[in-house]
Amino acid sequence: MPPIHLEGTTLEGGGQLLRIALGLSSLTKIPIQITNIRGKRSGGGGLKAQHLTSVQWLGKASNARVSGVGLKSKEITFTPDPYCLTIERRKLEVSASTAHILINQNTPGSISLVFQAILPYLIFSGSNSPIQVRISGGTNVSNSPSYDYVQQVLLPMLSCIGIPPITSELHSRGWSTGSTRLGTTSYTITPLPSGSSLPAFQLAQRGEIRHVKATILAPKACESHFRDELEVMFNKRRTAIFGDQGNENETEFDVSFEPSGHDKRFYLLLVATTSTGYKLARDWLYDHGIRTGKIDTVISKMAKKVFADLIAEIEHGGCVDEYLRDQLVVFQALAKGRSRVSGGKLAPSLHAETAHWVVNMLLGVELDDDGGCEGVGFVAGQGVGKDGIEKTEADMVKALDHLEV
Ligand SMILES: Nc1ncnc2c1ncn2[C@@H]1O[C@H](COP(=O)(O)OP(=O)(O)OP(=O)(O)O)[C@@H](O)[C@H]1O
């Protein structure tokens with residue numbers, strides 16, 4: 001089968017195109033060729049360490065032939081072994097208990113984006129035992145989901161769409177701001193049972209906003225000022241958040257604070273929970289200059305902006321925020337039957353459109369304007385190619401145990 005060609009400058013033209021394509025290729029065994037990787041990014045594009053890690057891991061897991069692997073590489077061809085029943089025999093001791101995966105990055109490349117790349121593969125691996133994946137890199141990195149976003153938004157929302165619960169553990173934080181620093185997190189995934197599919201899911205009725213949680217990571221000395229600023233801001237925006245009826249409940253706003261360990265590390269996440277249990281969020285890892293004596297301005301700017309962004313998410317009326325919308329597309333495409341994720345009045349972001357394009361290229365799935373699509377019904381531990389033909393019957397738990405890059 002000749003590889004499907006994906007031009008890396010298409011739409012958003014960044015790393016997400018590569019991650020979704022690799023995840024789907026590893027599962028379905030459809031070979032892909034990506035040219036002009038991250039072709040719309042400044043600095044010449046190509047694979048950064050974080051992307052390279054994902055290519056290497058998925059390549060090993062699916063026993064793929066990969067050409068063009070290397071930092072800054074602008075073109076790869078990825079050909080998974082169509083008969084890869086069990087790559088286990090290479091190095092692995094099979095255990096009936098939890099499988100362990102270690103992924104070590106030596107720069108603070110986003111842990112969440114590596115996780116995003118390998119997650120579909122793990123969920124649909126057909127493993128009958130849980131899989132624990134431990135990844136080092138950055139937990140708080142610009143332009144990517146923070147550890148906190150994954151824990152408070154992505155994982156609960158995956159559970160809302162029918163994916164067995166995934167737990168997370170933060171061992172240490174890794175930062176791209178202040179002095180750069182490596183961190184480590186673990187996730188424990190219970191894959192879909194071998195032979196089963198993810199049933200179609202509907203995120204269509206959002207319900208009312210019931211609660212807002214703020215997570216602050218900042219220098220310890222700012223704690224009380226940051227908390228006060230958020231309280232004031234929240235009280236002023238109560239109607240915009242909860243609507244005219246308001247929500248007079250005392251427990252509607254929680255704030256948690258963790259010292260960031262550096263006077264130039266500021267992060268704020270706001271998560272709104274709806275009456276249907278959905279989560280909408282916005283955050284900011286402060287990435288502007290911080291002048292001595294101007295910390296109050298930073299805090300006030302952050303609180304204002306993140307509240308304004310959250311309110312804009314609430315006002316569009318959808319069930320997911322802008323970021324989650326693109327992150328759920330791959331699961332819609334793999335699910336069995338017609339799934340829908342309502343993004344409200346907001347047009348899909350360029351990232352979401354890119355995700356639509358990739359799933360269409362690889363699986364033939366088409367998303368409509370309403371956020372709906374007919375998924376292929378991918379069978380965990382097996383595989384359905386674009387032609388609907390079953391490719392393998394991999395027992396990937398054996399393959400995954402102690403797989404390390
Ligand atoms: N603040 C955020 N909260 C949650 N998710 C985010 C946030 N910012 C970005 N994302 C998600 O991170 C992903 C970013 O993809 P993108 O292709 O831009 O990243 P990348 O691999 O770092 O590549 P590049 O360096 O090419 O931009 C998308 O899935 C997007 O939804």
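In listed order, ligands and their atoms are each counted from 1. All of these numbers come straight from a predicted model, not from anything done at the bench.
- Of the listed options Gln327, Arg19, Lys40, Glu12, Arg19 places a heavy atom closest to atom 14 (C) of ligand 1.
- Atom 22 (O) of ligand 1 has as its closest protein heavy atom Leu113 CD1, 3.5 Å.
- Within a 6.0 Å radius of CD in Gln205, other residues, nucleotides and ligands contribute 12 heavy atoms or fewer.
- We find that Arg210 and Glu208 are joined by a salt bridge, their nearest charged nitrogen and carboxylate oxygen being less than 4.0 Å apart.
- Of the listed options Thr354, Leu285, Asp326, Asp326 places a heavy atom closest to atom 30 (C) of ligand 1.
- Interface of Gln50 with ligand 1, defined as ligand atoms under 4.0 Å from a residue heavy atom, comprises 21 (O), 22 (O).
- Checked for salt-bridge contact, Arg325 and Asp321 miss the test: no charged N lies under 4.0 Å from a carboxylate O.
- If you number the atoms of ligand 1 from 1 as listed, the ones under 4.0 Å from a heavy atom of Lys48 come out as 25 (O).
- Atom 25 (O) of ligand 1 has its closest protein heavy atom at Arg38 NH2, 2.8 Å.
- The one candidate from Val114, Ile101, Leu52 that meets the side chain to side chain contact (heavy atoms under 4.5 Å, CB included) condition with Trp57 is Ile101.
- Under the 4.0 Å criterion applied to side-chain N and carboxylate O atoms, Glu231 and Arg227 are not assigned as salt-bridge partners.
- Counting heavy atoms under 4.0 Å from ligand 1, residue Tyr323 touches it through both backbone and side chain.
- A side-chain donor-acceptor contact under 3.5 Å links Ser339 to the backbone of Phe201.
- At a heavy-atom distance under 4.0 Å, atoms from both the backbone and the side chain of Pro145 approach ligand 1.
- In this structure, the protein non-hydrogen atom closest to atom 17 (O) of ligand 1 is Gln16 N, 2.8 Å.
- Protein heavy atom nearest atom 24 (P) of ligand 1, with residue, atom name and distance: Arg41 NE, 3.1 Å.
- At least one donor-acceptor pair closer than 3.5 Å links the side chain of His51 to the backbone N or O of Lys48.
- Counting the atoms of ligand 1 from 1 in the order shown, those under 4.0 Å from a heavy atom of Asp283 are 1 (N), 2 (C).
- The backbone N or O of Arg206 sits less than 3.5 Å from a side-chain atom of Thr276, completing a donor-acceptor pair.
- For atom 23 (O) of ligand 1, the nearest non-hydrogen atom of the protein is Gly15 N, 3.1 Å.
- In this structure, the protein non-hydrogen atom closest to atom 18 (O) of ligand 1 is His351 NE2, 2.7 Å.
- Between Glu12 and the options Arg41, Arg38, Lys40, a salt bridge (Lys or Arg N to Asp or Glu O under 4.0 Å) holds for only Arg41.
- Short contacts between ligand 1 and His51, defined as distances under 4.0 Å to a heavy atom of the residue, involve ligand atoms 20 (P), 21 (O), 23 (O).
- Ring to ring, Phe115 and Tyr187 are close: their centroids are under 6.0 angstrom apart.
- Checking side-chain atoms of Ser110 against main-chain N and O of Val141 turns up no donor-acceptor pair under 3.5 Å.
- Counting the atoms of ligand 1 from 1 in the order shown, those under 4.0 Å from a heavy atom of Gly14 are 17 (O), 26 (O).
- Less than 4.0 angstrom separates some heavy atom of Gln116 from each of these atoms of ligand 1: 29 (O).
- Residue Leu324 does not touch ligand 1, judged by heavy-atom distances below 4.0 Å.
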